[in-house]
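The next block holds one structure in the form of structure tokens; read it before the comments.
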Amino acid sequence: MEGKNSSIATLRAAASDPRRRIREAVVLALQMIGQYDMDWLIGIAKSWIRGNSCEKCAAVAAICEPELLWDPGHAKPIFEILDKVTEQFESGNTGRTSACECLRDALASCWSLAVTAYPEPGKPVMEKWIASTNPDIRWFMQQNLESEKLREVDAEWVSMMKMKLEANPVKELQSGN
């Protein structure tokens, strides 16, 4: 067990490396853990979302890998993690750094990946965030609603959610730049 813990600690430290490729390798390593034991990966993610923005980004990106999203038993903890990280983002617990931008970009696709895999438990949680007045959250929810796969799952719902976003515009909706 000690070897496992030291390896995870090494990965966690590498999640904050200034080099993008190293951070991407951490996500890939976490996804490999998820292929072996998704419950273990979810436990790691729950721990890492209490960390910095880079750790949160790695955790969210790892658990939302489409190949890992097949067991309905994982839907609840995955949406709890996404919900918590989005809540932290809204409350400003992410800072305004390039790491924050990495997390913002991850959240711009991870919600739709999870909702595509688990629509029934996921749509109500995502709807809560579509109602947010935070410009960053509204931006990444808008990005998620552009997902073709999500539209294939429930085009009517996607259209309704886009209308909700458009009906309540926020000044200076953030762009990806």
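Using a 4.5 Å heavy-atom cutoff, the side chains of K76 and I42 are not in contact. Between W48 and L30, the closest side-chain pair of non-hydrogen atoms falls below 4.5 Å. Put simply, the side chain of L107 does not reach to within 4.5 Å of the side chain of I137, judged on heavy atoms. Side-chain contact check for M32 versus Y36: every heavy-atom pair is 4.5 Å or farther apart. For the pair M38/W70, no side-chain contact is recorded, criterion being any heavy-atom separation below 4.5 Å from C-beta on. Two residues are said to be in side-chain contact when any heavy atoms from C-beta on lie closer than 4.5 Å; H74 and D39 meet this criterion. Inter-residue side-chain proximity for I63 and L68 is flagged as unmet; no heavy-atom pair is nearer than 4.5 Å.
Between the D83 side chain and the F79 main chain, no donor and acceptor come within less than 3.5 Å of each other. Looking at Q143, its side chain never comes within 3.5 Å of a backbone N or O of D105 through a donor-acceptor pair. Looking at Y118, its side chain does come within 3.5 Å of a backbone N or O of D71 through a donor-acceptor pair. R138 places a side-chain N or O within 3.5 Å of a backbone atom of L165 that can act as its donor or acceptor partner.
Atom-to-atom distance recorded for E24:CD and C57:SG is 9.5 Å, nearest 0.5 angstrom. We find the CD1-CG distance between I33 and L28 to be 11.5 Å, quoted to the nearest 0.5 Å. Note that CZ of R151 is 4.5 Å distant from CD of E148, once rounded to the nearest 0.5 Å. In this structure, K164 NZ and I130 CD1 are separated by 7.5 Å, a value rounded to the nearest 0.5 Å. Atom CE in M141 sits 5.0 Å away from atom CE in M126 (nearest 0.5 Å). Interatomic distance, CD1 of I81 versus SG of C64, reported as 8.5 Å (0.5 Å rounding).
When each of I44, L82, V85 is tested with I49 by the rule side chain to side chain contact (heavy atoms under 4.5 Å, CB included), just one qualifies, namely V85. The residue from N144, V153, V158 that alone fulfils the side chain to side chain contact (heavy atoms under 4.5 Å, CB included) condition with S112 is N144.
Salt bridge E55/R50: absent, no basic N to carboxylate O contact under 4.0 Å.
Within 6.0 Å of CD in E67 there are 12 or fewer heavy atoms belonging to other residues, nucleotides or ligands. Residue-environment remark: NZ (K84) stays at or below the threshold of 12 foreign heavy atoms within 6.0 Å.
No side-chain N or O of W129 forms a donor-acceptor pair with one of E87 less than 3.5 Å apart. Between the side chains of S16 and R23, no donor-acceptor pair of N or O atoms lies under 3.5 Å. Judged by distance alone, the side chains of W111 and S147 never bring a donor and an acceptor atom under 3.5 Å apart.
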Notebook entry, point to check: Where do F140 and L103 land on the side-chain contact (heavy atoms from CB on, under 4.5 Å) test, with the steps shown first?
Noted result: CA-CA 10 Å; F140 62 69; L103 177 58; over 6 Å; no
Open item on the list: Using the rule given for side-chain contact (heavy atoms from CB on, under 4.5 Å), can you reason through K162 versus E146, listing the C-alpha separation, both sets of side-chain angles and the distance that settles it, and then say yes or no?
Closed with: CA-CA 9 Å; K162 283 182 173 184; E146 296 301 321; 3.4 Å; yes
Inset, instruction - Evaluate side-chain contact (heavy atoms from CB on, under 4.5 Å) for E90 paired with D136, printing each intermediate quantity in order. - result: CA-CA 8 Å; E90 183 176 54; D136 286 315; over 6 Å; no
| Step by step, would you call D154 with K123 a side-chain contact (heavy atoms from CB on, under 4.5 Å)? | CA-CA 10 Å; D154 193 339; K123 289 190 290 188; 2.6 Å; yes
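In terms of heavy-atom proximity, V26 sits nearest to A58 at CG1-CB, 4.3 Å. The shortest heavy-atom contact between C110 and A61 is SG-CA, 4.0 Å. Of all heavy-atom pairs between S47 and R12, the closest is OG-NH1, 3.2 Å. Nearest heavy-atom pair, L113 versus P66, reported as atom, atom and distance to 0.1 Å: CD2-CG, 3.7 Å. For A14 against I22, the heavy-atom pair with the smallest separation is O-CG2, 3.7 Å. The shortest non-hydrogen separation linking P124 to P119 is CD-O, 4.4 Å.
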